Amino acid sequence: MDRIFFSLSSQHDIKLVALALVVCTGTVFLTFKTYGHALDSAPSRRQVWLTMTALCLALGTWATHFVSMLAYDPGLPVRFDGWLTAASFVVGAVLSWAGYWIAAGNYRWIAAARFVRDNVRPLSTARDGVFRAAAGGALIGAGIAAMHFTGMEALVVAGTVSSDVLLEVVAVAVGMTLSAAAMAIHRQDGPVKGLWEGTVLMVLAACGLHFTALGGITIGPDPQSAVAPSAVDNIVLAVALSAAMAFVLGAGLVAMIIERLKSELAEHIAKIEEANAEVSTLNVELANNMWKLELAQEEIVKKGRLAQLGQLTATVAHEIRNPLGAVKTAAYVLERMVKDKGLGVETQLQRINNGISRCDSIISELLDFARSKAPALKSVAIAEWVGKVLDEEAKGLGPGVGFVLRNELESGLVARFDPDRMRRVLINLVSNASEAMVGKGRELPPVVTADPTIEVTARLTGGRIEIEVRDNGPGITEDNMKRILEPLFTTKSFGVGLGLPAVHKILEQHGGDLRIESVPGEGAVFTAWFPLEQAPSALPKAA
């Protein structure tokens, strides 16, 4: 150690030593920059970057070595052999390239290092590639050592040169160990933190190796020795050093420009992706707003039509029901007058009464649909009420229609609803199911159902009353399902198409809804539901 300090303090120009340190630091920093680009590059371009990295390191350490040698003053004339000077650069470049090739590669023989990492607990936190980076770093350190000792052989001095083998061994160990640590830490800690740590360690590796080995050199005077005339002049060496540093700086500048372009490109890509995300969000919002607008327009048109229909219904009901009542009274009187007189008008009178009943039913449907008054809510024992209404309705079903009631509601369960309007709901659903299967009176459906059956299930589900009406009739086609709740739409040869729309409206007035399910050819299921307890805010206000 004393010999190293003595060599630095007594045999070196400190200013040139400082310059050598600056050259080495700058070179190593730029080298790690180019090496980082090699790791990020595609395999087809990686070898180009690795070669540039190896050349930069070899030129930088070669320049560091010879600047240090220019700072070295053994007290005797010194020059350098041209061929050995060039050879020192070549051997350093080749070994450095091999080291970077190993550090950046991924080879099958690396599996042994991975096995060690995975099974030795203190090494288990090492990132993938750390061990091969360390192996490559050790070879790079060996390249720096080979360059140094080849360069020392290029030293031509008028004297005798002897060396301390132990210090030379220590110098090589220092160079290889610190170089391996530099590459491993750079890989472990990443391109930011690892860049500075790796730079410091690699500078220590190069400078430590050079000055340790140089400290073991002893030069004594020899009157019979002389500097060979073919030695490289210091001016030529300075030009070569300048060219080497120009190449290193150029490569580093290219690496930094590429890094900046990549950074700007990444920022632009991020901005474009952010803009695309904003556009996508705006498109979704626009689509949602357009959908809401379409719904609002449909609702406005629907309300306008319903308002017109309501006005028309009120006028028709007033203008027709009064004379219809007079006709009904007159028919009743005629029926009493001709009774048991054998005039043969009984059939005609029955047709008059049927027509009056049909007209009255149509007017009732119109009024049910157009009615906008709030439901008259009452507390009703729902299980008993459902049983009574459906028992009465079952008696008036078409011939041969089977009827099954499954009343799953608890006896005494109280619900609040308008019993008159809800009665219309049950009557409509059950009569529609019957008419879909067997028709009404003499008017038959397109397909008459064999063994027609209606099953009604009443139950309490999640705080709401559900009344399900199921039939085994022809079912509902997909096209008709889309229009089934439209006012005035009907597939029957009788009726005005207001029964189901009226049912739907009554259920909505109670805060409920109508669910329709059907498979053509397998029947249909109509499920009417409304809350057990009516929320005041959910009920419509009286018109």
Side-chain angles (χ1 to χ4, degrees), residues 350-351 353-355 357-358 360-362 364-365 368-369 382-409 421-459 461 465-486 488-504 506-507 513-529:
Q350 184 61 42
R351 291 180 62 188
N353 285 328
N354 289 341
S357 297
R358 182 170 178 179
D360 187 64
S361 175
I362 291 173
S364 296
E365 286 187 14
D368 281 344
F369 182 76
I382 183 68
E384 290 75 11
W385 178 85
V386 167
K388 180 179 178 181
V389 171
L390 291 178
D391 284 345
E392 293 175 359
E393 183 62 18
K395 297 175 183 178
L397 293 177
V401 178
F403 184 83
V404 178
L405 172 61
R406 296 186 177 89
N407 197 341
E408 299 175 3
L409 297 169
R421 295 192 191 181
M422 205 58 69
R423 181 186 183 90
R424 297 292 304 167
V425 170
L426 297 188
I427 291 174
N428 259 300
L429 294 180
V430 173
S431 61
N432 278 353
S434 174
E435 291 167 5
M437 294 186 292
V438 299
K440 183 177 182 180
R442 296 182 181 179
E443 300 180 14
L444 300 177
V447 178
V448 178
T449 303
D451 191 22
T453 304
I454 299 174
E455 298 180 5
V456 179
T457 303
R459 55 179 172 260
T461 304
I465 302 296
E466 289 188 356
I467 301 175
E468 177 188 282
V469 180
R470 180 187 299 269
D471 65 67
N472 61 341
I476 306 168
T477 65
E478 184 177 351
D479 291 338
N480 290 341
M481 182 70 81
K482 296 177 181 177
R483 303 186 57 194
I484 196 167
L485 294 179
E486 289 184 11
L488 306 180
F489 172 75
T490 181
T491 58
K492 303 175 185 176
S493 58
F494 49 88
V496 292
L498 287 175
L500 285 177
V503 167
H504 187 232
I506 292 171
L507 291 170
D513 204 352
L514 178 65
R515 186 171 64 249
I516 306 172
E517 302 168 283
S518 177
V519 176
E522 298 182 13
V525 181
F526 292 79
T527 304
W529 67 267

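No hydrogens, no waters, no symmetry mates; every other heavy atom, side chains included, goes into these values. Computed from a predicted structure; not experimentally measured.
- Contact detail for P474 and A436: the closest heavy-atom pair is CD-O, 3.5 Å.
- Here the closest heavy-atom approach between residue T449 and residue G473 is recorded as OG1-CA, 3.4 Å.
- One finds the CE atom of M437 at 8.0 Å from the CG atom of L397 (value rounded to the nearest 0.5 Å).
- Rounded to the nearest 0.5 Å, atoms CG (L429) and CG (L500) are 6.5 Å apart.
- Checked by atom type and distance alone, the side chain of N472 never pairs as donor or acceptor with a backbone atom of G523 at under 3.5 Å.
- Between the side chain of D471 and the backbone N or O of P452 there is no donor-acceptor pair closer than 3.5 Å.
- Between S434 and I454 the shortest heavy-atom distance is N-CD1, 3.8 Å.
- No option in L514, I427, N432, L426 other than L514 meets the side-chain contact (heavy atoms from CB on, under 4.5 Å) test with V503.
- E517 and M481 get closest at one heavy-atom pair: C-CE, 4.3 Å.
- Checked for salt-bridge contact, R470 and E468 meet the test: a charged N lies under 4.0 Å from a carboxylate O.
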- Task: Verify side-chain contact (heavy atoms from CB on, under 4.5 Å) between V430 and L390, making sure each step is shown before the conclusion.
- Result: CA-CA 8 Å; V430 173; L390 291 178; 3.9 Å; yes

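- Counting heavy atoms from C-beta outward, E392 and R423 have side chains that approach closer than 4.5 Å.
- Atom CD in E408 sits 8.0 Å away from atom OG1 in T461 (nearest 0.5 Å).
- At least one side-chain heavy atom of W385 sits less than 4.5 Å from a side-chain heavy atom of M422.
- Contact of the I506 side chain with the R424 side chain is registered, since non-hydrogen atoms from C-beta on lie closer than 4.5 Å.
- I516 has its side chain out of reach of V525: every pair of non-hydrogen atoms, C-beta onward, lies at least 4.5 Å apart.
- For the pair V425 and A528, the tightest heavy-atom approach, listed with the atom from each and the gap, is CG1-CB, 4.1 Å.
- For the pair I467 and W529, the minimum side-chain heavy-atom distance is 4.5 Å or more.
- Note that CZ of R421 and CG of L507 are 12.0 Å apart. Values are rounded to the nearest 0.5 Å.
- Counting only heavy atoms from C-beta outward, the side chains of R459 and R406 never approach each other to under 4.5 Å.
- Within 6.0 Å of CZ in R351 there are 12 or fewer heavy atoms belonging to other residues, nucleotides or ligands.
- Contact of the N428 side chain with the F526 side chain is not registered, since no non-hydrogen atoms from C-beta on lie closer than 4.5 Å.
- Counting heavy atoms from C-beta on, the side chains of L405 and V456 come closer than 4.5 Å.
- Rounded to the nearest 0.5 Å, atoms CZ (R483) and CD1 (I476) are 14.0 Å apart.
- Shortest non-hydrogen contact noted between V386 and A458 is CG1-CB, 4.2 Å.
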